[in-house]
Trainee: 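Structure in structure tokens, see below.
In what follows, every chain begins at residue 1, and chains take the letters A, B, ... in the order their sequences are listed.
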Protein chains: 2
Amino acid sequence: MELRHLRYFVAVAEESHITRAAERLGLQQPPLSQQMKALERELGVQLLRRRPRGVELTAAGRSFLADARAVLAQAEHAVAGARRTARGEQGQICIGFTSSAPFHPLVPRLIRTFREAFPGVAATLEEGGTLELVDGVQRETVDVAVVRTPVEAEGLVVHPLLAEPMVVALPRAHALAAGGASASLPLKALAGETFILYRRRSGPGLYDAIIGACRAAGFSPVVGQEVPRIVSTLNLVAAGLGLSLVPESLARMQMDGVVYRRLKGRAMPTAPLLLVARRGDPSATVRQFLSLARKTAEGPAP
Amino acid sequence: MELRHLRYFVAVAEESHITRAAERLGLQQPPLSQQMKALERELGVQLLRRRPRGVELTAAGRSFLADARAVLAQAEHAVAGARRTARGEQGQICIGFTSSAPFHPLVPRLIRTFREAFPGVAATLEEGGTLELVDGVQRETVDVAVVRTPVEAEGLVVHPLLAEPMVVALPRAHALAAGGASASLPLKALAGETFILYRRRSGPGLYDAIIGACRAAGFSPVVGQEVPRIVSTLNLVAAGLGLSLVPESLARMQMDGVVYRRLKGRAMPTAPLLLVARRGDPSATVRQFLSLARKTAEGPAP
DNA sequence: CATCTGTCATATCCCAAACATATGGATTTC
DNA sequence: GAAATCCATATGTTTGGGATATGACAGATG
């Protein structure tokens, strides 16, 4: 049995007339009669009662008609689903991000826009460390990851979304905290201070950017502590263990005991926001996400 | 697109290997490759990624696989349903019966047995007068009817199920009621009594049988009242308006003021139980019902 | 009652497409 | 680097779906 038989049978049933059905199907009457007969022979069931003025359905024919329509509809559905999936309008995507990423408004905006644009895609979110996420992308447990550290790994591509300036996070009791958030501070003013940094092996990008900027400003920072997550640095700053440079977007997280101050001068350290994905990922869903991310990053902030 | 494409695709997907799938399908590898390509071309979607060690599904392929399996399963279901319907195991049947029919144990037993034997058949029951039911059978609103009157109508067949003896229904106060239910009465004893009869035009069978039996016993009954339903006669008997002859099975309906007595003698009137159906009804369900009814009527009472 | 009309079935032919065979190209494995 | 494995392409073969012509049958029509 083939879908052809079902299509033909439905037409015959709807017309109650083989000749008219043949016309509708764009073929001649004899082949259609033959196909109907072949169908009945294969089922071992009489579906049609031949009358001098046309045909009528048997009880078995009525039962088969209902099911045949369902089969044809489901076949349509299968095709449509495959096409939607191929266009990236349907499917799954796992989006990873480091703990500091969602503080930048671009990230929640991107995810919201994506869900609105592709309601047929089930997006799961996963928070994790950079290494963990990059590993996940390679193992295909994560499709794209938003991280703050450029990674170099086999089979991955990195799309920079933006680079934001960094600000100084100071303990409230610190002498430099006095000026308030509005007044900016030259980087050189931090010479001799104890720095709390995001640990290098989790992603050398930020670490090296900060060290490099300090060097350019003429001093070597004293590194007091390294933490696994950017967000953790703020806890240590609040505890008075030192100061830190953090991406500007984290300043929206007001913490007791932490004061932020802008930096001024040339060659200031910046914190990038990056998208990591598999090189040549064939998933249209991922391609759509990446494309939307690029557009969102380039577009104006709302 | 044909079911063949779906069957082939499912095999390829399950094997992740065109050559092995071809083997399983009983054909050679090149035609299978061609069919897969044709399917992808028709959908305009890549379903398979060709690898040196086999093939793997794309996201669209996974979506299509799930739906293709559903389509194939539903096609199987359609065939099975048509076959079940053709065997009479699935479908609908409307069974009509006159108000007096269900008092005979055969009728509820037949219906119960049928429902158990054909759980896939939706049986609807309809009570009505004989004329009404016969008309329903002709109009195809009723499929089979259990009646007490042989009918002669175009396009109908009548299957006698059984003929049961009739008993006398007497008002409790009546002189003849004294003997009790165990003692039987000669029909001649009723000469001169007022009879309440089921009205003739609703079905001449019973009426004529009673009149005929009385004549054979040597008297003409006095007909006091005619009622539309057999059951109604008992109400009038209870009210003391006369006596009546009713099918034996109605005696199980004990009514205040009514006493039943058996008849004795030759040529006693009997009440038939008949099945009416359309002549040459093509429905397997109806055929199965009629066949079961014959077997149940012939078989021993439980 | 005979004829005509309309419908489906059967017979025969044709061609497209499904399938088989043979071979080539690409990639992994030894 | 040779062998093995797998899929794609090229070309022939056959099956079966479709077209045309005709027959059979039942109502409608005069």
Trainee: Have a look at I93(A) and tell me which of V142(A), V286(A), L125(A) forms a side-chain contact (heavy atoms from CB on, under 4.5 Å) with it.
Mentor: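 With I93(A) as partner, side-chain contact (heavy atoms from CB on, under 4.5 Å) holds for just one option, V286(A).
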Trainee: Distance check needed: dC7(D) C1' versus E56(B) CD, whole Å only.
Mentor: 14 Å
Trainee: To the nearest Å, how far apart are L3(B) CG and dA18(C) C1'?
Mentor: 16 Å
Trainee: OP1 or OP2 of dG6(C) less than 4.0 angstrom from a side-chain nitrogen or oxygen of T19(A), does that happen here?
Mentor: no
Trainee: Any chance you could lay out the side chain to side chain contact (heavy atoms under 4.5 Å, CB included) test for L131(A) and D135(A), step after step, and finish with the verdict?
Mentor: CA-CA 6 Å; L131(A) 289 179; D135(A) 189 54; over 6 Å; no
Trainee: Tell me: CD1 of I18(B) to P of dT9(D), nearest whole Å?
Mentor: 11 Å
Trainee: Closer than 4.0 angstrom, basic N to acidic O: yes or no for R87(A) and E89(A)?
Mentor: yes
Trainee: Given L32(B) and Y8(B), is the side chain to side chain contact (heavy atoms under 4.5 Å, CB included) satisfied, shown in steps?
Mentor: CA-CA 7 Å; L32(B) 186 54; Y8(B) 289 1; 3.6 Å; yes
Trainee: So, is K37(B) near the phosphate of dT9(D), with a side-chain N or O under 4.0 Å from OP1 or OP2?
Mentor: yes
Trainee: Measure the distance from CD on E15(B) to P on dC7(D) and round it to the nearest whole Å.
Mentor: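 These atoms are roughly 11 Å apart.
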Trainee: Between E2(B) and L3(A) (side chain of the first, backbone of the second, donor and acceptor by atom type, cut-off under 3.5 Å), is there such a pair?
Mentor: yes
Trainee: Answer yes or no: is there a donor N or O on one side and an acceptor on the other, between the side chain of R148(B) and the main chain of A101(B), under 3.5 Å?
Mentor: no
Trainee: On the nucleotide dA9(C), are OP1 or OP2 found under 4.0 Å from the side-chain N or O atoms that R50(A) carries?
Mentor: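 Answer is yes, contact under 4.0 Å.
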Trainee: Stepwise, does the side chain to side chain contact (heavy atoms under 4.5 Å, CB included) test hold for V276(B) with V151(B)?
Mentor: CA-CA 8 Å; V276(B) 178; V151(B) 291; 3.9 Å; yes
Trainee: Tell me the interatomic distance from R51(A), atom CZ, to dA9(C), atom P, rounded to whole angstroms.
Mentor: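 My rounded result for the distance is 13 Å.
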Trainee: For the pair made of CD in E23(A) and P in dC8(C), what is the distance, rounded to whole Å?
Mentor: 12 Å
Trainee: Output yes when at least one side-chain N/O atom of S33(A) is less than 4.0 Å from OP1 or OP2 of dC8(C), else no.
Mentor: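 Answer is no, no contact under 4.0 Å.
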Trainee: Can you measure E42(B) atom CD to dA17(C) atom P for me and round it to whole angstrom units?
Mentor: 12 Å
Trainee: I need the NE2-P distance between H17(B) and dA4(D), as an integer number of Å.
Mentor: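 The distance from NE2 of H17(B) to P of dA4(D) comes to 16 Å, rounded to the nearest Å.
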Trainee: What string of B, S and - do you get for nucleotides 11-26 of chain D, 5' to 3', when a contact is any protein heavy atom under 4.0 Å?
Mentor: ------SBBBB----S
